[in-house]
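For reference, the structure is listed below as structure tokens.
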Amino acid sequence: MKMFVAAAVAAGLLSAAPAFASAELAKSKNCLACHATDKKLVGPSYKDVAAKYAGQGDAVAKLATKIQKGGVGVWGQIPMPPNPQVNDADAKALAEWVLSQK
């Protein structure tokens, strides 16, 4: 039983690490200048983005591309500028983190 509890705790700690790392990544890539977790700033909240893309199998890929290339029209006419400084792995991590903000 102790081994099961220890494994569950370890798994919980491991699953918390990516969310923390992605929040820090969002901060380091200046995403928080235009987005917040639970309210609209310049762009939509991360919770709204997660709700809009919920259940879409290609959501991570769509958002990762949007993070890197930017876009306009999905949330109104204020464009999201491209972020070419965000590499593929970081864009994917950010997209997964955004989609987890329910």
Side-chain angles (χ1 to χ4, degrees):
M1 183 68 165
K2 285 183 182 180
M3 183 175 271
F4 176 77
V5 172
V9 170
L13 291 173
L14 291 174
S15 67
F20 174 76
S22 294
E24 290 301 313
L25 183 59
K27 185 176 180 180
S28 75
K29 298 300 183 184
N30 209 25
C31 302
L32 303 179
C34 295
H35 299 279
T37 299
D38 58 354
K39 63 183 176 184
K40 180 182 179 350
L41 295 178
V42 175
S45 74
Y46 292 137
K47 287 184 178 193
D48 288 344
V49 174
K52 184 175 194 114
Y53 289 92
Q56 294 185 26
D58 61 347
V60 171
K62 280 183 182 178
L63 291 179
T65 298
K66 182 94 47 183
I67 289 166
Q68 291 180 304
K69 295 184 179 183
V72 66
V74 175
W75 297 95
Q77 292 307 305
I78 298 174
M80 178 170 160
N83 295 283
Q85 76 282 7
V86 178
N87 65 38
D88 291 345
D90 286 349
K92 182 180 178 197
L94 286 165
E96 289 171 344
W97 177 72
V98 168
L99 293 170
S100 74
Q101 305 300 302
K102 298 176 182 171

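Annotation for Ala64 and Ala95: closest pair N-CB, 3.8 Å, computed over non-hydrogen atoms. Looking at every heavy atom in both residues, Ala93 comes nearest to Leu25 through CB-CD2, 4.2 Å. Across every non-hydrogen atom of Leu94 and Ser22, the tightest pair is CD2-O, 3.8 Å.
With Trp75 as the aromatic partner, Lys40 does not meet the cation-pi criteria of under 6.0 angstrom to the ring centre and within 45 degrees of the ring axis.
Here Val42 is tied into one hydrophobic group with Ile78, each link being a pair of ILVMFWY side chains closer than 4.5 Å.
With a 6.0 Å radius and a threshold of 12 heavy atoms from other residues, nucleotides or ligands, Lys52 has its NZ atom above the threshold. Within 6.0 Å of NZ on Lys92 lie no more than 12 heavy atoms contributed by other residues, nucleotides or ligands.
Side-chain contact between Tyr46 and Leu32: present, with at least one pair of heavy atoms (C-beta onward) separated by less than 4.5 Å. Side-chain atoms of His35 and Leu41, non-hydrogen and from C-beta on, never get closer than 4.5 Å to each other.
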* Working for side chain to side chain contact (heavy atoms under 4.5 Å, CB included), residues Thr37 and Lys47 -> CA-CA 6 Å; Thr37 299; Lys47 287 184 178 193; 4.1 Å; yes

* **Criterion side chain to side chain contact (heavy atoms under 4.5 Å, CB included) on Lys29 and Ile67, from CA distance to verdict** => CA-CA 10 Å; Lys29 298 300 183 184; Ile67 289 166; over 6 Å; no

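Panel note: side chain Asp58, backbone Ala61; no donor-acceptor pair is recorded below 3.5 Å. Checking side-chain atoms of Asn83 against main-chain N and O of Pro81 turns up a donor-acceptor pair under 3.5 Å.
A side-chain donor-acceptor contact under 3.5 Å links Gln68 and Asp88.
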